[in-house]
Amino acid sequence: SRLRLSTGEARARILPLLALVGLPNAEDRLHQYPHELSGGLLQRVMLAAALAPDPRLLIADEPTAALDVMTQAQVMATIDHLRRERGLALLLIGHDLELTAVVCDRIAVMYAGCLLEEQSTEDLHTQPHHPYTAGLLASRPSLQLEGTRLPAIPGRPLAGSEAPPYCVFADRCAHALERCRSRRPPLVNYGAGRVACARTDELTPLLTAPTAAGAAGATDGH
């Protein structure tokens with residue numbers, strides 16, 4: 001619902017929030033246009049705007065897109081600090097598993113609009129249950145594998161409208177069998193998480209070392 005504040009009330013409400021999210025010279029920033037602010041400052045303004053109505057849930061959709069690595073770290077640190085300080089639930093949408101792991105307790109992995117796996121952040125990074133998750137983790141650059149070419153998944157990412165009636169990842173999965181193309185596997189409880197794969201019991205032991213050079217699959221940014 002709208003706050004229905006007067007101009008003075010809105011100003012009094014937003015100035016402390018701009019300072020809270022780390023925007024320098026908040027008073028002066030109110031007189032600037034968006035094109036006069038850097039990407040990092042714009043993200044902080046958006047964060048302050050999202051906090052203005054005192055939400056219980058903060059939805060952050062690619063909050064660090066197009067930002068350099070240092071600015072990404074600063075913005076994510078600010079978000080993490082605010083969610084803890086204000087007791088917020090956070091739903092973070094992104095393509096970077098490393099960045100997501102910094103602030104999220106649980107991670108859900110989606111492909112072609114379908115949820116393929118959901119686990120605690122720690123468990124997902126140490127024991128993925130779905131080949132696509134393992135591929136995303138295997139594609140991370142590593143200092144130990146310097147000079148090694150990252151593995152790649154053949155084919156291209158699918159849009160949700162292109163999802164087949166069977167396993168949405170089957171046509172790009174190195175482990176797919178005929179039964180993977182007979183029907184779409186349901187999302188079921190598995191351990192402390194959930195997974196949608198017809199071969200979970202068989203494949204889980206093979207997906208225990210996601211950062212190894214020979215891990216199955218790689219990232220395509222989705």
Side-chain angles (χ1 to χ4, degrees), residues 58-65 69 72-81 83-84 88-155 157 167-170 172-177 180 184-222:
L58 180 64
I59 301 176
D61 188 353
E62 297 282 5
T64 60
V69 175
Q72 281 186 358
Q74 293 169 0
V75 170
M76 291 306 298
T78 300
I79 291 175
D80 190 37
H81 170 72
R83 78 173 179 92
R84 294 176 184 276
L88 294 174
L90 172 66
L91 176 59
L92 177 65
I93 302 169
H95 289 83
D96 189 333
L97 279 177
E98 291 287 346
L99 201 61
T100 305
V102 174
V103 297
C104 292
D105 300 315
R106 301 189 70 82
I107 295 177
V109 178
M110 299 185 70
Y111 180 82
C114 295
L115 181 57
L116 299 185
E117 179 170 1
E118 182 264 325
Q119 284 203 77
S120 72
T121 297
E122 181 178 358
D123 290 345
L124 185 129
H125 278 74
T126 57
Q127 179 60 84
H129 297 314
H130 197 284
Y132 183 56
T133 307
L136 292 175
L137 295 171
S139 72
R140 296 175 299 178
S142 170
L143 293 177
Q144 286 70 41
L145 300 176
E146 185 176 355
T148 301
R149 188 178 183 85
L150 294 176
I153 299 174
C167 174
V168 294
F169 189 60
R172 304 182 68 199
C173 180
H175 303 287
L177 300 178
C180 299
R184 184 173 296 178
L187 184 69
V188 298
N189 294 332
Y190 192 83
R194 296 181 296 167
V195 64
C197 179
R199 303 189 62 197
T200 303
D201 288 331
E202 305 165 63
L203 295 181
T204 292
L206 304 178
L207 307 177
T208 54
T211 57
T219 186
D220 56 14
H222 287 72

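Position 1 is the first residue of the sequence; numbering continues from there.
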Checklist entry - Would a distance-only check, ignoring hydrogens and angles, find a side-chain to backbone donor-acceptor pair under 3.5 Å from Arg83 to Ala89? => result no
Checklist entry - Can you tell me how far the SG atom of Cys180 sits from the CZ atom of Phe169, to the nearest 0.5 Å? => result 11.0 Å
Item to check | Spacing of Ile59 atom CD1 and Leu88 atom CG [to the nearest 0.5 Å] | outcome: 11.5 Å
Next on the checklist: Within the structure provided, determine whether Pro128 and Leu137 are in side-chain contact (heavy-atom separation under 4.5 Å).
Outcome noted: yes
Checklist outcome for this item: Here the gap from Thr200 atom OG1 to Arg194 atom CZ, rounded to the nearest 0.5 Å, amounts to 13.5 Å
Next on the checklist: For the residue pair Gln119 / Glu117, report whether a side-chain donor-acceptor contact shorter than 3.5 Å exists.
Outcome noted: yes
Checklist outcome for this item: So OH of Tyr111 and NE2 of His130: to nearest 0.5 Å the spacing works out to 10.5 Å
Checklist entry - Has the side chain of Thr121 got a donor or acceptor atom that lies under 3.5 Å from a matching backbone atom of Cys104? => result yes
Checklist entry - What distance do Asp96 atom CG and Thr64 atom OG1 have between them, rounded to the nearest 0.5 Å? => result 7.0 Å
Checklist entry - Any side-chain heavy atom of Thr133 within less than 4.5 Å of one from Leu116? => result no
Checklist entry - Can you check whether Val195 reaches Glu118 side chain to side chain, under 4.5 Å on heavy atoms? => result no
Next on the checklist: Measuring from atom CD1 of Ile79 to atom CG of Leu58, what distance do you get when rounded to the nearest 0.5 angstrom?
Outcome noted: 6.5 Å
Next on the checklist: Taking the side chain as everything from C-beta on, heavy atoms only, tell me whether Arg184 gets closer than 4.5 Å to Val168.
Outcome noted: yes
Next on the checklist: For the CD atom on Glu202, are there more than 12 heavy atoms of other groups (residues, nucleotides or ligands in this structure) within a distance under 6.0 Å?
Outcome noted: yes
Item to check | Side chain proximity check, Pro131 to Cys197, heavy atoms < 4.5 angstrom | outcome: yes
Item to check | Test item: Gln127 side-chain N/O and Thr204 main-chain N/O as donor-acceptor pair under 3.5 Å | outcome: yes
Checklist entry - Closest heavy-atom contact between His125 and Ala101? => result CE1-CB, 3.7 Å
Checklist entry - Are any of the side-chain heavy atoms of Val109 and Leu124 separated by less than 4.5 Å? => result yes
